[in-house]
Protein chains: 2
Amino acid sequence: MATIGDVAREAGVSRSTVSYALSGNRPISLETRQRIDAAIAKLGFTINAGARALATSETMVIGLLLQFHDDEFPPAMLQYILAVSTAARESGYDILMVTDSDGPGAVKRITSSNMVDGVVLLDVTHEDPRLDALRAARQPGALVGLPRNTEELDVFDLDFGEAARILVDHLYGLGHQQVVLVSPPRHVFERGGAYGWRFRDAAVERAARYGMQIYPYYGESQQPGISRSLNAILDARPQATALIVHNDASIAVLPSVLHERGVEVPRDLSVVSLYSQDFGRSFLLPYTAVETSPDTLGREAVQHLVRRMSNPDDPVVAKFIEPVLTIRGSTA
Amino acid sequence: MATIGDVAREAGVSRSTVSYALSGNRPISLETRQRIDAAIAKLGFTINAGARALATSETMVIGLLLQFHDDEFPPAMLQYILAVSTAARESGYDILMVTDSDGPGAVKRITSSNMVDGVVLLDVTHEDPRLDALRAARQPGALVGLPRNTEELDVFDLDFGEAARILVDHLYGLGHQQVVLVSPPRHVFERGGAYGWRFRDAAVERAARYGMQIYPYYGESQQPGISRSLNAILDARPQATALIVHNDASIAVLPSVLHERGVEVPRDLSVVSLYSQDFGRSFLLPYTAVETSPDTLGREAVQHLVRRMSNPDDPVVAKFIEPVLTIRGSTA
DNA sequence: GTTCATCGTCGAACCGCTTCGATGAATGTA
DNA sequence: TACATTCATCGAAGCGGTTCGACGATGAAC
């Protein structure tokens, strides 16, 4: 493999000159630059990323930390992964994807060994054990999901409270008085997935203000439990005229459950939910829903992370992206 | 950040001694080792991965190359990603996940800059343009998916031909004579996704041998086209008594399509397919199917890759994992 | 015709770690 | 007692880059 030294020799200049030509950090005469370019082409030289990282203390790699919990619906996660990866590449970074079950250990490992310049944490919980490790790290981080303590950390999430209010308002506007809410599985709440209660509490509060009846339930995450629980919920509340589903796994199977029950939307039941456009397309979900925008979220997280790498002392940001309602005609 | 030099000073030994203590490459006296351990603990030293990589020419990182095509069903891909990531970590490697739309460029970039010790290519096509880049690389690669030319390359895939034969045999054994086959979308074939025709050709050949009628169709990859095409296919072949679905997107929506048509499985129609257990669980698929084993495949690919890194001259391997039929009672 | 910048280039030091060869001490052998 | 081994450690060189300070050559300013 050709090194910068080989290029230098071939071009008849010093190594530092080649380096400057490569980085553009100092002026180089046109003629020298051309000789260097020719040498690079001739030798097929590519800069050694590791050596550059050692010299510059910049790896141009971002760590992406995620875990697959049993209580989560994998397809939903993929959209974040892809968004982060794409956004990173646009900023010149590569992605080191880490799925260790030991989250804090993984954060520690990749930060303290200097494998990455920064870290994106997906699916952050209320008391996320990874955060201490992240705070102790030299590298900055960006969180997707809202922890209890956001000190020193940049967080990005959907405004679930507002999402809930938008959906409740929408149903209230149509005259619904009895509403069932399907939340994420109980286990998500226990784990500290704050989006669960942020949404639920806001929905309950808003419904109460309107004098609506709202009946919250936990969903399930694995078949056949998902269908079973949906059926049980619907059986339990026959008088409800609307359903709010805040759970990817449940919404994905809802069409077949409703079909099986002979329930027609929106004639017999109005349905609203939260999911991304892509997710809805994969599963043919025809419901009026708040867009969860994993692509925007992933991209924002990466962009802010990259910015913070160069400006470590910028004020911390907490960005809650605004939920947008997409009307798909599943309410009446 | 503490370096190995700091540790050496703290422990009162030379840097090389610390290095040997860390790697175990030379004997170190118990007493010295303890002093070094104490120093490491006191300073919170972690080895710098970049520097080590530069010195050893081993990054302990594996590149994972994948792309999301519009004609693919994203949830299926995730299982491979997870399997590769987990297996890699078990062997002490991290994963650099690259989703560039320019596949060959991505391979070139991460290999020639020495960012990785090896590469796993997912979803390899018949004439995959990434293979030339891979062959030109110093690092070995492992392919998931079967290209036309496997020279110099280790490949891993399901034995799709055998899978087709197993399914056809199964249907034939039950007395079916008219069978509809839903293949991957046409676009997958055009792109060179060989699993499409490997399966189809074997199924057709086998059916012919038995004197069965088999009607192959392309599926679709995006809703609402998936449901529409399934309906069109079923309309076109009312006399068929069995359905073979070789397409993740189609099988995922099949339950609701059949339900909508009032078709009961297996009373009105027998259905067999190919998908992994996890996939089936996410989507509650009740069909007798061949297990696609993405976890086995991903793990095998990584393990062989790791082996090849240390033994570059081992003979090339092409491993086709044996399809296993899981009976779920969707045939009669 | 000096003096000063500016431009383009070079050499050397450094980033943090590994590894080779050398060295001195301890041990075993004749 | 002398010599050969083995053990534990050290110093220096090297991995492939970047960057700082210096320096000669130009050209501009006075």
Side-chain angles (χ1 to χ4, degrees), chain A residues 1-37 39-40 43-61 92 109-117 138-139, chain B residues 1-37 39-40 43-61 92 109-117 138-139:
Chain A
M1 205 55 209
T3 74
I4 205 172
D6 301 329
V7 173
R9 193 173 326 114
E10 177 74 27
V13 298
S14 73
R15 296 194 306 152
S16 50
T17 302
V18 176
S19 177
Y20 287 123
L22 249 34
S23 66
N25 284 347
R26 284 200 185 172
I28 299 287
S29 72
L30 178 61
E31 191 236 328
T32 310
R33 188 190 311 277
Q34 286 171 342
R35 280 216 317 283
I36 291 174
D37 287 344
I40 288 175
L43 300 176
F45 167 79
T46 311
I47 205 156
N48 181 305
R52 163 174 276 178
L54 181 57
T56 60
S57 305
E58 288 201 344
T59 62
M60 299 309 282
V61 173
R109 184 167 59 80
I110 67 172
T111 56
S112 64
S113 67
N114 268 305
M115 301 183 75
V116 297
D117 293 340
R138 281 176 300 295
Q139 298 91 335
Chain B
M1 204 57 209
T3 74
I4 206 173
D6 300 330
V7 173
R9 195 175 321 114
E10 176 75 26
V13 297
S14 73
R15 298 193 306 155
S16 49
T17 301
V18 176
S19 178
Y20 286 123
L22 250 33
S23 67
N25 285 347
R26 282 199 186 174
I28 298 289
S29 71
L30 179 61
E31 190 236 326
T32 308
R33 189 190 310 277
Q34 287 172 341
R35 280 218 315 284
I36 291 175
D37 287 346
I40 288 176
L43 300 175
F45 166 79
T46 311
I47 205 158
N48 181 305
R52 162 174 277 178
L54 181 56
T56 60
S57 305
E58 287 202 347
T59 62
M60 300 307 284
V61 173
R109 184 166 59 79
I110 66 172
T111 56
S112 65
S113 67
N114 268 305
M115 301 182 77
V116 297
D117 294 339
R138 281 177 299 295
Q139 299 92 335

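Residue numbers start from 1 in every chain, and the chains themselves are labelled A, B, ... in the order their sequence lines are given, proteins ahead of strands.
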Exercise. Do A:N114 and A:Q139 come close enough that some side-chain heavy atom pair is under 4.5 Å?
Worked result: yes
Seminar exercise, completed: In whole angstroms, the gap separating P of D:dG16 from CE of B:M115 amounts to 17 Å
Problem set entry | Protein-to-nucleotide contact annotation, 5' to 3' order, nucleotides 18-23 of chain D [B base; S sugar-phosphate only; - none; under 4.0 Å, heavy atom] | BBBBB-
Problem set entry | Sugar-phosphate only, base, or nothing, as touched by A:T46 at under 4.0 Å among non-hydrogen atoms | sugar-phosphate
For this session: Indicate whether the side chain of B:S16 and that of B:S19 have a donor and an acceptor atom separated by less than 3.5 Å.
Result: no
Exercise. For A:N114 and C:dC17, what is the distance between atoms CG and C1' respectively, to the nearest whole Å?
Worked result: 13 Å
For this session: Measure from CD on A:Q34 to C1' on C:dG8 and round the result to the nearest Å.
Result: 15 Å
Problem set entry | Separation of D:dG17 P from A:M60 CE (nearest whole Å) | 16 Å
For this session: Would you mind reading off the distance between B:D6 atom CG and C:dG16 atom P, rounded to a whole angstrom?
Result: 8 Å
Exercise. Can any side-chain N or O of B:R33 pair as donor or acceptor with the backbone N or O of B:I28 at less than 3.5 Å?
Worked result: yes
Exercise. With respect to the phosphate group of D:dG16, does any side-chain polar atom (N or O) of A:T3 fall under 4.0 Å of OP1 or OP2?
Worked result: no
Exercise. C:dG16 P sits how many Å from B:E58 CD, rounded?
Worked result: 22 Å
Problem set entry | Gap between atoms CZ and P, on B:R9 and C:dC17 respectively (whole Å) | 12 Å
For this session: Mark yes or no for whether A:S113, through its side chain, and A:R109, through its backbone, hold a donor-acceptor pair below 3.5 Å.
Result: yes
For this session: Could you tell me whether A:L54 contacts a base, only the sugar-phosphate backbone, or nothing, with contacts defined as non-hydrogen atoms closer than 4.0 Å?
Result: base
Exercise. Once you round it to whole Å, what is the distance between P of D:dA8 and CZ of B:R33?
Worked result: 9 Å
Seminar exercise, completed: Per atom distances to the A:S14 side chain, the nearest of D:dG17, C:dG11, D:dA8 is C:dG11
Exercise. Applying side-chain hydrogen bond (donor to acceptor under 3.5 Å, both in side chains), which residue pairs with at least one partner in residues 50-59 of chain B are found, sequence neighbours left out?
Worked result: B:T59-B:D117
Exercise. For DNA chain D, whose closest nucleotide is more 5', that of A:G50 or that of B:G12?
Worked result: B:G12
Exercise. Are B:I110 and B:V61 side-chain neighbours, meaning at least one heavy-atom pair lies under 4.5 Å?
Worked result: no
Exercise. Counting N and O atoms only, with roles assigned by atom type, does the side chain of B:R35 sit under 3.5 Å from a partner on the main chain of B:A11, one being a donor and the other an acceptor?
Worked result: yes
